[in-house]
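Structure first, commentary second.
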Amino acid sequence: MFPIQRPRRNRRTEALRRLCREVVLTTNDLVLPMFAVPGRGVRREVPSMPTICHLSVDEIIVEAGRAAELGIPAVLLFGIPEGKDPQGSEAWSASGAVQRAVGAIKSACPDLCVMTDVCLCEYTDHGHCGLVEGGEVVNDASLELLARAAVSHAEAGADVVAPSDMMDGRVDAIRAALDDAGFTYVAILSYAAKYASAYYGPFREAADSAPQFGDRRGYQMDPANRREALREVALDIQEGADMVMVKPALAYLDVLSDVAAESPVPVAAYNVSGEFAMVKAAAARGWIDERRVTMETLTAIKRAGADFILTYHALDAAQWLREGD
Ligand code: PBG
Ligand code: ZN
């Protein structure tokens, strides 16, 4: 008891603080999400996500090169199609923006790990993550289409495919399809505990993927549920997920902590678009210190149990880590 116990002694100097630090964020923890679009010479900033751009293939290799040069191990690709239809058929087109971007990045930066988001919502005219029949998002009929998209990413050279649709059984369907096509070495990062969150708002503007009717609460998780995340994670691991994700990150650190305590496979957290936009907006007004808030946020996500973090701050954070934070 005080005055014997004085926790401040361990915080007195920077050297002591460095010795006693429990969690250290490194560039190895970061994955940079990017938006691939058709065309050439396109570098168009997403209004609600300052510094994040729609990139054509020629520009995406420039951005991937920056990430690789800074030591970021991986990127995650989303695609914007030329056109949308009810099935989202451009999702598995060999000449789609994502498929071409994967090939170009693997040629330009062979050591960079390329992950691809597997979903239909960017590609369907109704904006839902699966097939719609009679006003409902149907589960089983969606699986084959998701598997087709995943195989097309593997054919393009993706190292990791990341299904974000939240259909039941999609990890199993994708694993089987990848193996049938000879891609036994391609890993699956499952968006296992993905919540129906308002924090995806800026992303839906960026990906033009807002549902045209209804919402995603029939397939994404209820934000009120904690225990259910462990069920989703356990099922996805049984189905063959190599890594699992909790998404969003900040409002779900309790879930992340639970999953990290139980999961036998690596756990990712997605620091989503709305979390990023709030930091950027407040920083632009001079209301917060962007660098310190960003590093504190990413450290907190790691402290809660993330093995790696998908974040739009990745390039900035890697630069700050290089400078010495
Ligand atoms: C597609 C998908 C979404 C995100 C990642 N993949 C949006 C959604 O489910 O509506 C969100 C990413 C972000 O907000 O940064 N299913
Ligand atoms: Zn989707």
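These values consider heavy atoms only, across backbone and side chains, with no hydrogens, waters or symmetry-generated copies. When a ligand or atom number is given, it counts from 1 through the structure's own listing order. Owing to the predicted nature of the structure, the values given are computational and were not obtained by experimental measurement.
Other residues, nucleotides and ligands place no more than 12 heavy atoms under 6.0 Å from the CD atom of Glu136. Annotation: Gln319, atom CD; neighbour count of heavy atoms from other residues, nucleotides and ligands within 6.0 Å is above 12. Counted within 6.0 Å of CZ on Arg9, heavy atoms from surrounding residues, nucleotides or ligands total more than 12; the atom is thus considered enclosed. Heavy atoms of other residues, nucleotides or ligands lying less than 6.0 angstrom from CZ of Arg17 number more than 12. With a 6.0 Å radius and a threshold of 12 heavy atoms from other residues, nucleotides or ligands, Tyr199 has its OH atom at or below the threshold.
Separation of atoms SG (Cys119) and CZ (Arg170) is listed at 8.5 Å; rounding is to 0.5 Å. Between the CG atom in Leu143 and the CG atom in Leu146 there is a gap of 6.5 Å [rounded to 0.5 Å].
Look at Tyr270 and you'll find a heavy atom under 4.0 Å from some atom of ligand 1. Within the 4.0 Å heavy-atom shell around ligand 1 one finds Gln220.
A side-chain N or O of Ser164 and one of Asp117 form a donor-acceptor pair less than 3.5 Å apart.
In this structure a side-chain-to-backbone donor-acceptor pair under 3.5 Å is missing from Tyr252 to Ala269. A donor-acceptor pair under 3.5 Å is formed between the side chain of Gln99 and the backbone N or O of Ala91.
Remark: ligand 1 atoms within the under-4.0 Å shell around heavy atoms of Cys121 are 1 (C), 16 (N). Which parts of ligand 1 touch Ser164 is read off a 4.0 Å heavy-atom cut-off, strictly below it: atoms 1 (C), 2 (C), 6 (N), 16 (N). Within ligand 1, the atoms closer than 4.0 Å to a non-hydrogen atom of Phe78 are 5 (C), 6 (N), numbered from 1 in the order shown. Remark: ligand 1 atoms within the under-4.0 Å shell around heavy atoms of Tyr312 are 12 (C), 13 (C), 15 (O). Atoms of ligand 1 found under 4.0 Å from any heavy atom of Val272 (numbered from 1 in listed order, with element): 13 (C), 14 (O), 15 (O).
The single protein non-hydrogen atom nearest to atom 5 (C) of ligand 1 is Lys247 NZ, 2.6 Å, given as residue, atom name and distance. Of all protein heavy atoms, the one closest to atom 14 (O) of ligand 1 is Ser273 OG, 2.7 Å.
Considering backbone and side-chain atoms alike, Arg204 places an N or O below 3.5 Å from some N or O of ligand 1. Annotation: Lys194 places an N or O atom under 3.5 Å from an N or O atom of ligand 1; distance criterion only.
Neither the backbone nor the side chain of Asp165 has a heavy atom within less than 4.0 Å of ligand 1.
Under the 4.5 Å side-chain criterion, counting only non-hydrogen atoms from C-beta, Thr294 is in contact with Trp320.
Less than 2.8 Å away from the Zn ion (ligand 2), the protein contributes these N/O/S atoms: Cys119 SG, Cys121 SG, Cys129 SG.
In this structure, Arg43 pairs ionically with Glu63, as a charged nitrogen and a carboxylate oxygen lie closer than 4.0 Å.
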